[in-house]
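Note that the numbering runs from 1 along the sequence shown for the chain.
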Amino acid sequence: QAIIYNANIVRIQGDFGKCEELCKEFAKSGNYYLAGDYVFREEGQKDFTYELLEQDRTPFDAVFIPVGCGTNFGAIHKGYKELLDAGQVDRIPRLVAVQPEFSSPVVEGIFKRKHIVKEMVSTIATSVAVANPIDFHKVLQGIDHTQGTAYTATEDEILDSLREMAVEEGHFTEPACALPLAAVKNHQEEWRGKRVLLVLTGSGLKDTAVVARNSLNPPAIEPNLETVLEYVNSGFITLQKSAWGTSREKVMAEFVMTAEQDARYQEYLREIQKRGKKLKKHEVEALQSLAMQEKSGRVSSLAVVDYSVMMRKEGLVSATVKMELEGEEVESLGRGVGPIDALISAIRKETDKYCVVAVTDHQMEFLSPDTESLVLVTLTLEHEGKQVRSRGVSSDLLEAAIHAYEKGYGLFSYSPMGV
């Protein structure tokens with residue numbers, strides 16, 4: 001979001017507190033203005049209480065606030081104190097600090113009555129992931145002054161409340177905003193019948209990666225009614241709705257594929273396991289999604305049996321391919337600007353005699369950052385003005401491309417099963 005406004009970005013390893021400390025040092029090192037200066041920051045953030053009073057003068061029994069450094073909590077408390085001194089309110093609501101279970105030095109410090117500093121904290125609510133809460137004493141003061149309290153919420157409770165706010169209220173927020181709702185739900189008896197304000201600190205657009213990681217993405221299916229109806233009736237959509245925050249392995253284990261889909265999936269597994277590749281959870285999900293997408297009942301007349309590629313320092317790449325085509329085994333030599341281009345060229349020297357299928361575009365997706373990543377190759381193929389997209393997957397890039405072409409060729413030149 002910052003980049004689109006032409007900001008200069010420097011990413012720092014560590015949590016919010018570590019970055020904030022470094023920003024202060026950096027500002028002092030040269031002619032830089034610290035926009036997040038905490039003295040002026042609190043003065044700006046205390047306006048929260050002024051604007052709240054303008055919008056609704058009905059008093060609250062409590063205000064639940066997500067806490068990281070504690071600065072926002074201290075600012076809200078300061079704003080209420082100023083309104084009380086000015087006679088604008090008769091009392092200050094109880095202020096409640098809420099933190100993630102594994103990132104809660106403030107909550108721990110409230111009960112131990114001292115400033116706690118952790119070596120490391122971990123939570124999906126990254127905006128409140130702070131090991132050293134610099135404004136802890138302001139939170140402690142606010143809780144003591146208002147007879148407030150402090151709670152924690154688990155990661156699962158954060159995810160559940162995040163989805164609930166979006167579905168029930170239409171508020172798509174960052175994960176930290178789910179802390180207040182999670183805390184209220186965990187202590188319903190204490191707050192039943194009370195008028196409680198839940199403070200939302202940021203848009204969900206700040207952290208869309210959390211949604212991506214905890215959702216089951218739908219597969220891309222063929223653009224025809226038959227395939228759409230098959231997909232809708234498969235139960236995948238229902239599974240997708242119940243999969244929020246659940247491990248992909250568990251979710252996909254509960255999905256019942258058709259016999260044909262399972263056969264395709266098992267075939268993928270066998271081919272990949274031959275290479276000794278161990279699949280990660282998201283790679284398993286990708287394979288299952290791919291098995292769901294492919295059209296059943298078609299057998300390609302093309303099958304690559306063996307191939308070799310010769311790379312040269314200069315000039316084109318050469319490839320030799322042995323294949324079974326229309327019931328006969330043939331061998332072909334091709335050249336191209338790269339290994340994939342050379343392999344497709346060698347294959348097409350023979351297949352074009354029966355059905356001319358050209359590659360108009362190709363995409364490669366590496367499903368892991370490591371060297372043994374599963375590779376998904378998508379080819380856009382064209383025959384007599386009609387285009388299709390075909391996918392192949394393997395731990396080897398060239399094999400993935402070959403599989404994609406084999407299946408795509410079969411969509412244009414195929415014979416029904418058993419014929």
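- Classification of Glu382 and Lys386 as a salt-bridged pair fails, no side-chain N sitting under 4.0 Å from a carboxylate O.
- More than 12 heavy atoms of other residues, nucleotides or ligands sit less than 6.0 Å from atom CD of Gln387.
- Under a 4.0 Å N-O distance rule, the pair Glu21/Lys24 does not qualify as a salt bridge.
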Evaluate the criterion side-chain hydrogen bond (donor to acceptor under 3.5 Å, both in side chains) for residue pair Thr123 and Glu155; output intermediate values, then yes/no. CA-CA 7 Å; Thr123 174; Glu155 300 296 284; 3.0 Å; yes
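- Side-chain contact annotation: Gln45 with Thr71, donor-acceptor N/O pair under 3.5 Å absent.
- Here the side chains of His137 and Gln141 are not in contact, with every heavy-atom distance at 4.5 Å or above.
- Under a 3.5 Å cut-off, the side chain of Thr360 and the backbone N or O of Thr380 do form a donor-acceptor pair.
- Considering every non-hydrogen atom in both Gly334 and Ser345, the closest pair reads CA-OG, 4.0 Å.
- Inspection of the Glu365 and Thr378 side chains reveals no N or O donor paired with an N or O acceptor under 3.5 Å.
- With sequence neighbours left out, the side chain to side chain donor-acceptor pair (under 3.5 Å) criterion links Asn132 to His115.
- Scanning both residues, Ala125 and Pro100, for their nearest heavy atoms gives CB-CG, 4.1 Å.
- Residues Pro180 and Val199 approach most closely at CG-O, 3.7 Å, considering heavy atoms.
- Met364 places a side-chain heavy atom less than 4.5 Å from the side chain of Ile340.
- Salt-bridge formation is not detected for the pair Lys28/Glu25: no Lys NZ or Arg NE/NH1/NH2 atom is positioned less than 4.0 Å from an Asp or Glu carboxylate oxygen.
- In Glu169, the CD atom is not crowded: 12 or fewer heavy atoms of neighbouring residues, nucleotides or ligands sit closer than 6.0 Å.
- Applying the 6.0 Å contact sphere to CZ of Phe111 captures more than 12 heavy atoms from other residues, nucleotides or ligands.
- Taking CE of Met120 as the reference point, atom NZ of Lys18 lies at 13.0 Å (rounded to 0.5 Å).
- Within the 3.5 Å criterion, the main-chain N or O of Tyr307 finds no donor-acceptor partner in the side chain of Lys322.
- Using a 4.5 Å cut-off on side-chain heavy atoms (C-beta onward), Leu343 and Leu398 make contact.
- No more than 12 heavy atoms of other residues, nucleotides or ligands sit less than 6.0 Å from atom CZ of Phe102.
- Residue-environment remark: CG (Leu205) exceeds the threshold of 12 foreign heavy atoms within 6.0 Å.
- In this structure a side-chain-to-backbone donor-acceptor pair under 3.5 Å is present from Ser390 to Gly408.
- No donor-acceptor distance shorter than 3.5 angstrom exists from the side chain of Trp191 to the backbone of Val196, with no hydrogens or angles considered.
- Note that the NZ atom of Lys46 and the CD atom of Glu42 stand 8.5 Å from one another [nearest 0.5 Å].
- Under the salt bridge (charged side-chain N to carboxylate O under 4.0 Å, His left out) criterion, Arg94 pairs with Glu190, sequence neighbours left out.
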Test Val98 against Ile65 for side chain to side chain contact (heavy atoms under 4.5 Å, CB included), laying out the working first. CA-CA 6 Å; Val98 193; Ile65 308 166; over 6 Å; no
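- Under the 3.5 Å distance criterion, the side-chain polar atoms of His171 are left unmatched by any main-chain donor or acceptor of Met165.
- Residue Arg163 qualifies as enclosed at atom CZ: its count of foreign heavy atoms under 6.0 Å is above 12.
- Thr146 places a side-chain N or O within 3.5 Å of a backbone atom of Leu95 that can act as its donor or acceptor partner.
- Between the side chains of Asp56 and Thr58, a donor-acceptor pair is found at a separation under 3.5 Å.
- Tyr50 and Glu82 share a side-chain donor-acceptor pair at under 3.5 Å.
- For Tyr80 against Thr49, the heavy-atom pair with the smallest separation is CD1-CG2, 3.5 Å.
- Contact check on Glu157 versus Lys185 returns no salt bridge, with no Lys/Arg side-chain nitrogen under 4.0 Å from an Asp/Glu carboxylate oxygen.
- Residues Thr173 and Leu162 come closest through the heavy atom pair O-CD1, 3.2 Å.
- Counting non-hydrogen atoms of neighbouring residues, nucleotides and ligands closer than 6.0 angstrom, the CD1 atom of Ile9 exceeds 12 such neighbours.
- Annotation for Asp85: atom CG counts as buried by contact number, over 12 foreign heavy atoms lying within 6.0 Å.
- For Phe60, there are no ring-ring contact (aromatic ring centres under 6.0 Å, His included) partners at least two apart in sequence or on another chain.
- The pair Arg91-Asp61 meets the salt-bridge criterion, with a side-chain N (NZ, NE, NH1 or NH2) lying under 4.0 Å from an Asp/Glu carboxylate O.
- Listed here is the closest heavy atom pair of Tyr151 and Ala183: CD1-CB, 3.9 Å.
- Between Arg113 and Asp144 there is a salt bridge, with a side-chain nitrogen of the basic residue lying less than 4.0 Å from a carboxylate oxygen of the acidic one.
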Apply side chain to side chain contact (heavy atoms under 4.5 Å, CB included) to residues Val304 and His403 and explain how you reach the verdict. CA-CA 8 Å; Val304 173; His403 293 331; over 6 Å; no
Check step by step if side-chain hydrogen bond (donor to acceptor under 3.5 Å, both in side chains) holds for Ser127 and Glu174. CA-CA 8 Å; Ser127 64; Glu174 64 175 343; 3.2 Å; yes
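- A salt bridge does not link Lys78 with Asp47: none of the charged nitrogens is closer than 4.0 Å to a carboxylate oxygen.
- A donor-acceptor pair under 3.5 Å is absent between the side-chain atoms of Glu324 and the main chain of Val305, judged by distance alone.
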